[in-house]
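From a predicted model like this one, the values you see are computed outputs, not experimental measurements.
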Amino acid sequence: MNRIAVLCLAVSSFMAAQQQMSLLDCEEAFQKNNLQLLAEQYNINMADADIMQSKIWELPQLSGQFNAYNPQDKKFFDVGHSKGAGITQLIYMGGKKKNEIAFAKSNKELAQLQFSQLLVDLRAQLRTTYFNLYYEKLKLENTDKQLGYMNDLLSAYRVQSAKGNVSLKDAVRLQSLVIQLNHDKLEINKNILEFEQNLKVLTGISEDIEPVISESQAKEALAAQPFGDEEELKAKALENNADYRYNLKLVDNSKLYAQWQKSLNVPDLNVGAAWDQAGGTFNNEANLTLGIPLPLWRANQGNVEKANFAIQQNQKKVEFQKLTLETKVQSAYKTWKAQYEQLLDIKTTDLQNMDLVYNGMMTNFRKGNVNLIEFTDFMDSYRETALQIYDMKNEIMQSAEQLNQLVQTKIFY
């Protein structure tokens with residue numbers, strides 16, 4: 001009785017360590033808990049702080065003067081008879097502040113696009129990992145079903161082989177198939193552990209996640225078709241892809257930076273007021289002060305040239321990004337189409353027939369209507385085919401997610 005209680009406790013602990021979640025549940029947890037995404041959001045906040053800083057002017061400067069030595073009365077620090085004060089303010093000329101603010105606002109737009117691209121990339125990683133885990137779980141379930149029967153059969157053959165009723169060769173043949181199934185199971189479990197770990201990092205959930213997808217949902221996802229053809233998908237990608245839009249915005253950003261650097265060549269004006277007790281032409285004299293650097297050369301010309309080269313560089317990057325994006329969309333679409341058509345060639349009746357033949361082979365082998373060689377050959381073929389079909393379905397989902405990641409708008413219906 002105690003052993004049963006311990007077993008029940010172990011099973012309940014295992015179930016408690018797993019959390020059943022739909023894909024939508026995972027996406028909600030991801031947006032709420034993903035640390036990489038949360039950290040990236042601070043770049044937008046820092047860009048807001050840069051905009052705030054760009055609007056702040058230099059502080060006015062207050063100055064004063066006091067007598068250090070009065071040679072007439074031979075007196076040090078004769079403050080009572082000689083002192084003065086002044087205040088100056090730097091006035092930006094040439095639209096410097098306006099250009100600096102525009103550049104800071106453009107930097108915020110870049111930060112937002114970077115965040116959007118990271119969101120897309122991490123969500124695609126989440127979805128592909130979720131489907132990977134789902135299909136690996138199905139492969140494990142199928143492999144465990146085969147192993148359960150084959151292990152029982154192998155145990156029976158070992159007993160009969162020891163009694164001399166069957167040949168050792170038959171037991172070894174079964175043993176090799178069991179070894180292969182165990183090897184498949186080991187590889188599947190290794191993949192499951194990796195995908196579970198990735199999902200934990202992406203969703204911020206410490207428990208193992210059990211994918212919840214109904215059979216009808218899985219069929220609908222596999223049957224989904226993209227809107228439009230290859231050229232339409234390319235056009236949508238160029239319109240919506242955040243990484244490409246980032247590079248487009250980077251050209252505008254570099255132009256604003258160049259404009260700002262050019263405006264820095266315009267001398268600024270220092271405006272002020274001064275009061276002097278007795279050092280000027282009049283007692284208690286009040287004066288207006290003006291100061292401006294002499295523009296004998298362009299003090300910021302090097303930075304202007306550098307900014308102009310940056311514009312040209314970023315324009316070339318846009319051309320490269322456009323070609324790269326269009327090529328990736330073309331490749332992803334062709335890959336999805338080839339994999340979809342490959343799976344489409346396998347009819348639903350074919351899959352049903354495969355399971356029907358599998359059950360028939362089991363029944364006929366038990367009745368002695370099928371010999372061991374025929375049975376093991378079929379089982380090995382069935383093992384490989386079952387794994388390949390799951391992989392084919394998963395590859396379609398992976399290709400569809402890659403298209404979603406590139407086009408970044410709803411393209412499947």
Side-chain angles (χ1 to χ4, degrees), residues 17-53 104-137 191-213 217 221 224 233 236-250 252-253 317-318 321 324-325 328-329 332 394 397-412:
Q18 285 193 331
Q19 187 169 345
Q20 291 188 337
M21 297 182 69
S22 67
L23 183 56
L24 182 60
D25 293 334
C26 288
E27 288 183 337
E28 290 176 352
F30 155 73
Q31 289 203 292
K32 181 180 178 182
N33 303 324
N34 186 270
L35 295 176
Q36 192 175 355
L37 200 63
L38 294 174
E40 186 69 20
Q41 286 179 320
Y42 287 106
N43 285 333
I44 300 175
N45 299 128
M46 288 188 284
D48 280 326
D50 286 337
I51 295 174
M52 180 190 302
Q53 185 64 35
K105 289 180 177 179
S106 178
N107 283 339
K108 179 182 178 180
E109 293 176 355
L110 289 176
Q112 289 171 327
L113 287 171
Q114 282 183 316
F115 177 80
S116 297
Q117 184 61 42
L118 179 65
L119 177 62
V120 168
D121 291 342
L122 290 178
R123 179 181 283 127
Q125 186 179 342
L126 172 77
R127 292 175 65 89
T128 54
T129 303
Y130 187 88
F131 286 119
N132 277 329
L133 181 59
Y134 171 71
Y135 282 106
E136 288 297 314
K137 291 273 190 177
N191 292 336
I192 287 175
L193 288 174
E194 179 183 350
F195 298 141
E196 286 178 339
Q197 180 183 355
N198 290 340
L199 276 182
K200 289 177 183 178
V201 174
L202 288 165
T203 61
I205 295 175
S206 58
E207 295 88 357
D208 291 337
I209 293 174
E210 181 73 23
V212 179
I213 304 178
Q217 288 175 326
L233 292 176
K236 288 181 180 179
L238 293 175
E239 181 182 352
N240 297 289
N241 185 276
D243 193 34
Y244 178 68
R245 287 165 56 211
Y246 173 87
N247 282 275
L248 284 175
K249 178 58 66 175
L250 199 58
D252 295 334
N253 178 266
K317 286 183 178 179
V318 167
Q321 289 293 332
T324 301
L325 180 58
K328 285 183 176 179
V329 171
N394 187 28
M397 300 308 302
Q398 302 298 315
S399 297
E401 288 305 323
Q402 186 181 6
L403 266 178
N404 283 327
Q405 185 179 5
L406 291 169
V407 179
Q408 296 182 16
T409 187
K410 183 174 176 58
I411 59 174
F412 284 91

Which side-chain N or O atoms in residues 25-35 pair as donor and acceptor under 3.5 Å with protein atoms at least two apart or in another chain?
| from | atom 1 | to | atom 2 | distance (Å) |
| --- | --- | --- | --- | --- |
| Asp25 | OD2 | Ser22 | N | 3.2 |
| Asp25 | OD2 | Ser22 | OG | 3.1 |
| Glu27 | OE2 | Arg127 | NH1 | 2.8 |
| Asn33 | ND2 | Ala29 | O | 3.3 |
| Asn33 | ND2 | Thr203 | O | 3.1 |
| Asn34 | OD1 | Gln36 | N | 3.2 |
| Asn34 | OD1 | Leu37 | N | 2.8 |
| Asn34 | ND2 | Leu202 | O | 3.0 |

Locate the shortest heavy-atom distance separating Asn241 from Leu406; write the atom from each residue and the value.
ND2-O, 2.8 Å

Would you sort out whether Glu210 and Lys137 count as a side-chain contact (heavy atoms from CB on, under 4.5 Å), showing the intermediate values?
CA-CA 9 Å; Glu210 181 73 23; Lys137 291 273 190 177; 3.2 Å; yes

Residues two or more places apart in sequence or in another chain: which of them pass side-chain contact (heavy atoms from CB on, under 4.5 Å) with Gln114?
Glu40, Tyr246

In terms of heavy-atom contacts, Ser106 and Asn253 come closest through OG-ND2, 2.9 Å

Answer yes or no: is there a side-chain heavy-atom contact under 4.5 Å between Lys200 and Asp208?
yes

Report the distance from atom CZ of Arg245 to atom CG of Asn247, rounding to the nearest 0.5 Å.
12.0 Å

Please answer whether the main-chain N or O of Asp243 pairs with a side-chain N or O of Gln117 as donor and acceptor at a distance below 3.5 Å.
yes

Approximate separation, where rounding is to 0.5 Å, of Lys249 NZ and Asn107 CG
11.0 Å

CE/Met52 to CG/Asp50 distance, rounded to the nearest 0.5 angstrom?
10.0 Å

Val329 and Leu233 have their tightest heavy-atom pair at CG1-CB, 3.9 Å

Atom pair OG1 (Thr324) and NZ (Lys317), whose distance is rounded to the nearest 0.5 Å
12.5 Å

Testing the basics here: between Thr128 and Gln125, what is the closest heavy-atom pair and its distance to 0.1 Å?
OG1-O, 3.0 Å

Evaluate Asn394 against Gln398 for side-chain hydrogen bond (donor to acceptor under 3.5 Å, both in side chains), listing each step before the verdict.
CA-CA 6 Å; Asn394 187 28; Gln398 302 298 315; 3.0 Å; yes

Can you establish whether the number of heavy atoms outside Lys105 located under 6.0 Å from its atom NZ is more than 12?
no

Sequence-distant partners of Asn240, side-chain contact (heavy atoms from CB on, under 4.5 Å), two or more places apart
Lys236, Gln408, Thr409

Would you check if Leu238 and Leu325 make a side-chain contact, meaning some heavy-atom pair closer than 4.5 Å?
yes

Asp121 side, atom CG; Gln405 side, atom CD - distance, nearest 0.5 Å
5.0 Å

Show the nearest heavy-atom pair for residues Met397 and Phe131, with the distance to one decimal.
CE-CZ, 3.5 Å

Look up atom CG in Leu126 and atom CG in Leu23, then write down how far apart they are to the nearest 0.5 Å.
6.5 Å

Just so I know, are the side chains of Tyr42 and Asn45 near enough to count as touching, which here means a heavy-atom distance under 4.5 Å?
yes

Hey, are the side chains of Glu196 and Ile209 touching, using non-hydrogen atoms and a 4.5 Å cut-off?
no

Minimal non-hydrogen separation, Leu113 against Ala242, with atom names
O-CB, 3.8 Å

